[in-house]
Undergrad: 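Submitted below is the structure of interest, expressed as structure tokens.
The analysis underlying the following values was restricted to heavy atoms, covering all of them including side chains, and did not include hydrogens, waters or symmetry mates. In this text, all values refer to a predicted model and were calculated from it rather than measured experimentally. A note on names: the letters A, B, ... follow the listed sequences, proteins ahead of strands, and every chain is numbered from 1.
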There are 2 protein chains.
Amino acid sequence: MEKQKFREFLTTKGLKLTKERDEILHEILVMKKHFDPEELFVRLKTKGSKVSRASVYRTIPLLVEVGLIEEVERIDRHAHYEKISEDRHHDHMICMKCGKVIEFYSPTLEMLQREICQKENFKGVRHSLEILGYCEKCGG
Amino acid sequence: MEKQKFREFLTTKGLKLTKERDEILHEILVMKKHFDPEELFVRLKTKGSKVSRASVYRTIPLLVEVGLIEEVERIDRHAHYEKISEDRHHDHMICMKCGKVIEFYSPTLEMLQREICQKENFKGVRHSLEILGYCEKCGG
DNA sequence: ACTGTAACTGAGATTAAATTGCAATATGGA
DNA sequence: TCCATATTGCAATTTAATCTCAGTTACAGT
């Protein structure tokens, strides 16, 4: 489970599992969608948490490092993150008009990428593919 | 040629081709690699240009809009751009250790993406694929 | 070539995301 | 329980990027 994974990671690094870190991870796990640090902070505040903005910003890199979340895009001038789902990686289509995000997954694409990496003697760890364009509703 | 394309774009939009805009585009065309706004600004200054930081930041979105450059990644907290090469689009592998950027191009990948878009009724305009991992030298 | 006007510029102030310093506090192994 | 050390909140700070505004410039129409 994610919390266990985080706990182990912290212990290994000689770090501590604090109430704040637990609350932050919990909120991320509970959320379904993308989030940005500020949004996460506000959510926690709304729920009565005393966590500070600084702690949110300090915890996020740890969660990225342990592989529980990843940075998925930058909107305007701030970063957006997303929980890495246990079962499978996915990529994004982003509508340039309405901002709608369509998630998709293609095994063929995954395989193809492994092939490309091999050819370049590159050890791929993760990737992100973003297709920008127009969704069905916004036509084109 | 790129400068002509930019000139036409500006005219169409009722904008003007100023000395500053010309200098900025010129410097980008002369450069081979990625660049970030600050770096571009310093290069221009070094070469004796009087262009201001603000003009650099104001010109970049225009060049993105006309399709001469694109944002390729964010390093730390600032954007990086790159001239779009005339002949063909390419994607990137980025070494998480030394930062080396390997450019690659796969027609199969391009085709596959068109298929994926079709399936979602999404009109793809452009895409960016980044594979993060470790280059040959940095092992794995 | 001249003119009017709207676009453009530089300099510095401003914004807002993200980071940091510090004194107080909490965690977890011994 | 004790205690070294990591962590916290707060507020100050940093920094990429944007904005303001008064003076300047490009260029379409004469």
Undergrad: Separation of B:Glu39 atom CD from D:dA16 atom P, in whole Å?
TA: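 Computing the B:Glu39:CD to D:dA16:P distance gives 13 Å.
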Undergrad: Do B:His92 and B:Glu130 have a side chain donor and acceptor closer than 3.5 Å?
TA: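 Distance-only check fails for B:His92 and B:Glu130.
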Undergrad: For the pair made of CZ in A:Phe6 and C1' in D:dT7, what is the distance, rounded to whole Å?
TA: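 Distance check: A:Phe6 CZ to D:dT7 C1' gives 12 Å.
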Undergrad: To the nearest Å, how far apart are B:Phe41 CZ and D:dA17 P?
TA: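 Value for this atom pair: 14 Å.
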Undergrad: Does a salt bridge link B:Lys47 with B:Glu23, judged by any charged N lying under 4.0 Å from a carboxylate O?
TA: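 Looking at B:Glu23 together with B:Lys47, the answer is no, because their closest N to O distance does not fall below 4.0 Å.
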Undergrad: Carefully, step by step, assess B:Lys123 and A:Glu136 under the rule salt bridge (charged side-chain N to carboxylate O under 4.0 Å, His left out).
TA: CA-CA 8 Å; B:Lys123 188 187 176 192; A:Glu136 194 165 15; over 6 Å; no
Undergrad: If I take atom CG in residue B:Asp22 and atom P in nucleotide D:dC27, what distance separates them, rounded to the nearest angstrom?
TA: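 Computing the B:Asp22:CG to D:dC27:P distance gives 11 Å.
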Undergrad: Taking atom C1' of C:dA17 as reference, at what distance in whole Å does atom CD of A:Glu71 sit?
TA: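 Taking atom C1' of C:dA17 as the reference, CD of A:Glu71 is at 12 Å.
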Undergrad: B:His90 and B:Glu82: side-chain donor and acceptor closer than 3.5 Å?
TA: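 There is such a pair between these side chains.
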Undergrad: Below 4.0 angstrom, N of the basic side chain to O of the carboxylate: do A:Glu38 and A:Arg53 qualify?
TA: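 Salt bridge flag = yes for A:Arg53 with A:Glu38.
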Undergrad: Counting primed atoms plus P, OP1 and OP2 as sugar-phosphate and everything else as base, spell out the protein contacts along nucleotides 18-30 of chain C at 4.0 Å heavy-atom distance: B, S or - for each nucleotide, 5' to 3'.
TA: BBBB-----BS--
Undergrad: Tell me the interatomic distance from B:His80, atom NE2, to D:dA16, atom C1', rounded to whole angstroms.
TA: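 B:His80 atom NE2 is separated from D:dA16 atom C1' by 11 Å.
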Undergrad: Expressed as a whole number of angstroms, how long is the span from B:Arg21:CZ to D:dT25:P?
TA: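 The answer, rounded to whole Å, is 15 Å.
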Undergrad: Could you verify whether a donor N or O on one side chain and an acceptor N or O on the other, from B:His78 and B:Glu39, lie under 3.5 Å apart?
TA: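 The answer is no; no qualifying pair exists.
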Undergrad: Could you state the NZ-C1' distance from A:Lys13 to D:dT7, rounded to the nearest angstrom?
TA: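 It works out to 16 Å between those atoms.
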